[in-house]
Amino acid sequence: MSDSYPPPDPNVTPWSGPPAPQQGGYPPYGQPPPQPYYGTPPPAPNRSNKGLIIGLVAGAVVVILAICGAGIGLLLAYDDDGPARGTSSTPTLGTGSTPGTGTAPTPGQADPPNNNSMTARFSSDLANVCEGSPILNAAPYSGPAGAKAYTFSNNPDRPTSWSSTYVPSDKSYYAKGADYQKVSVVGCLKFDEGSQGAPKKCQYKDKAEKQVTIDYVSSRYTLTFYAARTAEKIGDGGTVTAPTNRCPSFISYDKTTMRAYATPDSGTIEAALDTFLS
């Protein structure tokens, strides 16, 4: 045994450090007291400024919206309570009219068309004047001098069916079928209800060469003159008879009733046209 080494301390194991000091005791003599340990404090959490920035932006948007809302409210209040700018309560002269004032339209004057206005394509279209339809492309009526005229009569069995009647071709008021746009006067011969006379019996042969008897009926018509372009009444032509003095060489009849109506007298129509358009 060697005495160059002190005996081993039973309180120290080969893998442990110096023995721990006794509770409440002092470190062994000759050893300095343990120094207190001062570590670096953990870094403070890095708080992001992102939330603050978002809050500031949202606050600015709210302020801007509040200012805009106040401005719109003021503008609406001004528009509701104050007079409208850029307008005038006094009508400008020459831009309008007051109901019940102004000059009355003269016959034939081009007025705003009504719902029944139409543009004629054929001479027969001017018969619509007798139903109250202005003809937009007819000649304007400015008086009887130089006026061109057509006449039409309705059918007692079909009151709204109008057929062309006689106008003498040697008169100044005569117009060919192709010259319908030059016509400014339309004479309408309307059947007088209840004016039928006793029928005249007329004998004919039908298409099968069978003998038939037709009741040929006389009647009366009232002639009225209208401006073709406006369908306004411009004159009266009086009464025109439809006599049955003799059976015509050609007749159009109703196969159901075996009846036909006489046509208005051409001589009376000519006399009425001469009087009105002279």
Side-chain angles (χ1 to χ4, degrees), residues 102-193 219-242 248 250-252 254 260-278:
T103 57
T106 58
Q109 181 178 341
D111 295 328
N114 62 30
N115 291 344
N116 292 323
S117 300
M118 62 175 293
T119 299
R121 299 180 60 192
F122 308 99
S123 60
S124 58
D125 290 336
L126 272 74
N128 290 281
V129 173
C130 299
E131 291 293 322
S133 296
I135 304 300
L136 300 177
N137 57 337
Y141 176 73
S142 57
K148 303 294 184 181
Y150 284 162
T151 59
F152 301 91
S153 64
N154 67 347
N155 189 308
D157 289 333
R158 298 187 300 277
T160 59
S161 177
W162 298 83
S163 302
S164 177
T165 57
Y166 172 78
V167 175
S169 59
D170 60 344
K171 300 292 182 176
S172 61
Y173 48 77
Y174 171 80
K176 295 180 180 180
D179 296 333
Y180 61 88
Q181 294 188 41
K182 298 180 180 180
V183 173
S184 60
V185 176
V186 172
C188 299
L189 292 136
K190 185 177 180 180
F191 172 74
D192 291 342
E193 294 288 345
S219 60
R220 295 188 302 274
Y221 290 79
T222 298
L223 175 59
T224 306
F225 295 108
Y226 297 91
R229 192 164 182 172
T230 63
E232 294 177 314
K233 179 181 176 180
I234 55 177
D236 292 310
T239 299
V240 178
T241 59
F250 175 82
I251 195 170
S252 178
D254 188 322
Y261 287 90
T263 59
D265 179 58
S266 59
T268 306
I269 295 173
E270 181 178 348
L273 288 168
D274 287 343
T275 300
F276 181 71
L277 298 176
S278 60

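- Put simply, the side chain of Y180 gets close to the backbone of R121: a donor and an acceptor are under 3.5 Å apart.
- Annotation for S123 and F152: closest pair O-CZ, 3.9 Å, computed over non-hydrogen atoms.
- F225 and G237 get closest at one heavy-atom pair: CE1-CA, 3.7 Å.
- In this structure, M118 and I135 have side chains that are in contact, with non-hydrogen atoms separated by less than 4.5 Å.
- With rounding to the nearest 0.5 angstrom, the OG1 atom of T119 is 5.0 Å from the CG atom of N137.
- For residues 182-192, the side chain to side chain donor-acceptor pair (under 3.5 Å) pairs, not counting sequence neighbours, are D192-T222.
- With sequence neighbours excluded, no residue satisfies side-chain hydrogen bond (donor to acceptor under 3.5 Å, both in side chains) with T224.
- By the side-chain hydrogen bond (donor to acceptor under 3.5 Å, both in side chains) test, D236 is found to be paired with K233, residues two or more places apart in sequence or in another chain being considered.
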Identify every side-chain donor-acceptor pair in residues 127-134 under 3.5 Å, counting partners at least two apart or on other chains, and give the distances.
unit_1 : atom_1 : unit_2 : atom_2 : d
N128   : ND2    : D125   : O      : 2.8
E131   : OE2    : W162   : NE1    : 2.8
S133   : OG     : N116   : O      : 3.1

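- A228 and V186 make their closest contact through CB-CG2, 3.9 Å (heavy atoms, listed as atom of the first residue, atom of the second, distance).
- Residue pairs meeting the salt bridge (charged side-chain N to carboxylate O under 4.0 Å, His left out) criterion with at least one member in residues 153-164, sequence neighbours excluded, are D157-R259.
- A distance of 12.0 Å separates OH of Y221 from OG1 of T151, quoted to the nearest 0.5 Å.
- Residues meeting the salt bridge (Lys or Arg N to Asp or Glu O under 4.0 Å) test with D254, sequence neighbours left out: none.
- Judged as a disulfide bond (SG atoms under 2.5 Å apart), not a single pair has a partner in residues 151-186 (not counting sequence neighbours).
- For Y150, the ring pair (Phe, Tyr, Trp, His ring centres under 6.0 Å) criterion is met by no residue, not counting sequence neighbours.
- Within the model, atoms CD of Q181 and CG of L126 stand 9.5 Å from one another, a figure rounded to the nearest 0.5 Å.
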Please report, to 0.1 Å, the donor-acceptor pairs under 3.5 Å made by any side chain of residues 260-278, with sequence neighbours excluded.
unit_1 : atom_1 : unit_2 : atom_2 : d
D265   : OD2    : T268   : N      : 3.0
D265   : OD2    : T268   : OG1    : 2.7
E270   : OE2    : K171   : NZ     : 3.4
D274   : OD1    : Y173   : OH     : 2.7
D274   : OD2    : K171   : NZ     : 3.4
T275   : OG1    : A271   : O      : 3.0
S278   : OG     : D274   : O      : 3.1
S278   : OG     : T275   : O      : 3.2

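- In terms of heavy atoms, P168 sits closest to Y174 at O-CB, 3.4 Å.
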